[in-house]
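Here's the structure, in structure tokens; my notes come after.
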Amino acid sequence: MLQHVLPALEDSMEARLALGRHQALDAELGLLTARYPHRERLWGQLMLARYRCGRRADALAAYRQVYELLDGELGIEPGPALRELHERILKDDTTLTGTLASARAEERVSGMSPAAPGSGSRWVA
């Protein structure tokens, strides 16, 4: 049953992050990563929440923690998605701060809508 619940929980966290609720999710994701330490998606969400809260060092510390955990317990490195997020945080990628809520607010102001994923553009007229 847990194999069905965890992906739904991760989807819920993703939606809440997209709505800009990263401040409220920090503690909750901290507990979830402690309870399910091998769920890389939860770790990525924790890193993103902390980064969006202006806690870049804590986001990077979370990566170090999951890296050491996976290496020590399983002898593996984090997967490509988590490694990419780590690199983007290291580079202080400003696109990581965007949320669905801020995109919608910008759309109302600019008259443009967020572009479809993979289109190569952030906005369409």
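Residues take their numbers from the sequence shown, with the count starting at 1.
Salt-bridge check for Arg41 with Asp11: passed, with a basic side-chain N closer than 4.0 Å to an acidic carboxylate O.
For the atom pair Thr94 OG1 and Leu96 CG, the distance stands at 8.0 Å (nearest 0.5 Å). Rounding to the nearest 0.5 Å places OG1 of Thr97 at 9.0 Å from NE2 of His22. Separation of atoms CG (Leu85) and CD (Glu40) is listed at 11.0 Å; rounding is to 0.5 Å. If you take CG on Leu70 and CD on Gln65, they are separated by 10.5 Å, rounding to the nearest 0.5 Å. Leu74 contributes atom CG, which lies 7.0 Å from atom CG of Leu69 (distance to the nearest 0.5 angstrom). Note: Arg52 CZ to Leu25 CG = 10.0 Å, rounded to the nearest 0.5 Å.
In this structure, Ala62 and Leu46 approach most closely via the heavy-atom pair CB-CD2, 4.2 Å. Between Leu82 and Met47, the shortest heavy-atom distance links the atoms CD1-SD, 3.8 Å. Here the closest heavy-atom approach between residue Trp43 and residue Tyr36 is recorded as NE1-O, 4.5 Å. Scanning both residues, Leu17 and Leu48, for their nearest heavy atoms gives CD1-CD2, 4.2 Å.
No side-chain heavy atom of Arg39 sits less than 4.5 Å from a side-chain heavy atom of Thr33. Arg56 has its side chain within reach of Ile89: a pair of non-hydrogen atoms, C-beta onward, lies under 4.5 Å apart. In this structure the side chain of Thr95 reaches within 4.5 angstrom of the side chain of Arg88, judged on heavy atoms.
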* Dump the intermediate steps for side chain to side chain contact (heavy atoms under 4.5 Å, CB included) on Leu60 and His86, then the final yes or no. => CA-CA 7 Å; Leu60 294 170; His86 176 247; 3.7 Å; yes
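Under the 4.5 Å side-chain heavy-atom criterion for grouping Ile, Leu, Val, Met, Phe, Trp and Tyr, Leu31 is not connected to Leu6 through any hydrophobic cluster.
By the salt bridge (charged side-chain N to carboxylate O under 4.0 Å, His left out) test, Arg83 pairs with no residue at all, sequence neighbours left out.
For the 3.5 Å distance criterion, the side chains of Gln45 and Glu10 fail to qualify, holding no donor opposite an acceptor. Checking Tyr51 against Asp58 by side-chain atom types alone, no donor-acceptor pair falls below 3.5 Å.
The environment of Gln23 atom CD is sparse: at most 12 non-hydrogen atoms of other residues, nucleotides or ligands sit within 6.0 angstrom.
With Leu29 as the partner, the side-chain contact (heavy atoms from CB on, under 4.5 Å) test is satisfied by one option alone out of Met13, Arg16, Arg50: Met13.
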